[in-house]
Trainee: 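Handing you this structure, nothing more for now.
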Amino acid sequence: VQLQASGGGWVQPGGSLKLACQIPGYIFIKDYVIGWFRQAPGKGREFVASQTKNGRFTFWADSIQDRFTFYRDNTKNTVSLRIDNLSPEDTGVYYCALHEGMGAPESHRLRTWYDYWGQGTQVTVSS
């Protein structure tokens, strides 16, 4: 199963990006958790946010402020993460991941908990 991540690019500080993760249709109709992780240059992959199917529950990393918003497009089997007021500290590769089924919130932060991963999309914030 391959998740399709897109929407990254270069943006100036203060700008916005909307990262999209397309999910295969046969999974989209089941219970699942979608997670977003990011990997800054020279650092490990860290949890950003997760959301259960239909957006019922959303969890954020402690360091994440209200600049991040989830969006869902059920017609395209897509879950998106919008990031506003980007800063150079947001630079990195952003990955979407999916776990089939549900799970305890503390599991959402674990990379190993997820069953499938997207290829990553690069976000570069600089002037």
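Side chains included, hydrogens not; waters and symmetry mates left out as well; all remaining heavy atoms used.
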Trainee: Under 4.5 Å between side-chain heavy atoms, counting indirect links through other Ile/Leu/Val/Met/Phe/Trp/Tyr residues: same cluster for W60 and Y114 or not?
Mentor: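 No, because W60 and Y114 fall into different hydrophobic clusters, even though each may have its own neighbours under 4.5 Å.
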Trainee: Any side-chain heavy atom of L86 sitting closer than 4.5 Å to one from L17?
Mentor: yes
Trainee: According to a 4.5 Å side-chain heavy-atom criterion applied to Ile, Leu, Val, Met, Phe, Trp and Tyr, with indirect links allowed, do F59 and I83 form part of one hydrophobic cluster?
Mentor: no
Trainee: Under a 4.5 Å cut-off applied to non-hydrogen side-chain atoms, are E46 and R38 in contact?
Mentor: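 Yes, side chains in contact.
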Trainee: Do R72 and T78 touch side chain to side chain, with heavy atoms closer than 4.5 Å?
Mentor: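 No, side chains not in contact.
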Trainee: With hydrophobic residues grouped by side-chain heavy-atom distances under 4.5 Å, do V123 and F70 end up in a single group?
Mentor: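 Both belong to a single hydrophobic cluster.
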Trainee: Is L19 reachable from F47 through a run of hydrophobic residues whose side-chain heavy atoms are each under 4.5 Å from the next?
Mentor: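 No, separate clusters.
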Trainee: With a 4.5 Å cut-off on side-chain heavy atoms, are F68 and R82 touching?
Mentor: no
Trainee: In the structure I gave you, are the side-chain heavy atoms of I23 and V79 within less than 4.5 Å of one another anywhere?
Mentor: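 SC-SC contact between I23 and V79 confirmed.
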Trainee: Looking only at side-chain N and O atoms, does S50 offer a donor or acceptor that is under 3.5 Å from a partner on W36?
Mentor: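 Distance-only check fails for W36 and S50.
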Trainee: Going by ring pair (Phe, Tyr, Trp, His ring centres under 6.0 Å), F37 matches just one of W113, W117, Y95. Which one?
Mentor: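 For F37, the ring pair (Phe, Tyr, Trp, His ring centres under 6.0 Å) check succeeds only for W117.
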Trainee: Checking D115 side chain against E100 main chain: does a donor-acceptor pair fall under 3.5 Å?
Mentor: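 Such a contact is found between D115 side chain and E100 backbone.
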Trainee: Looking at N85 and D90, what are the two nearest heavy atoms and their distance?
Mentor: O-OD2, 4.4 Å
Trainee: Keeping S107 on the side-chain end and P105 on the backbone end, is there a donor-acceptor pair under 3.5 Å?
Mentor: no
Trainee: Between T58 and Q51, does any side-chain donor sit less than 3.5 Å from a side-chain acceptor?
Mentor: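 Indeed, the side chains of T58 and Q51 share at least one donor-acceptor pair under 3.5 Å.
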Trainee: Please check if Y94 and V125 belong to a single hydrophobic cluster, counting links between Ile, Leu, Val, Met, Phe, Trp and Tyr side chain heavy atoms closer than 4.5 Å.
Mentor: yes
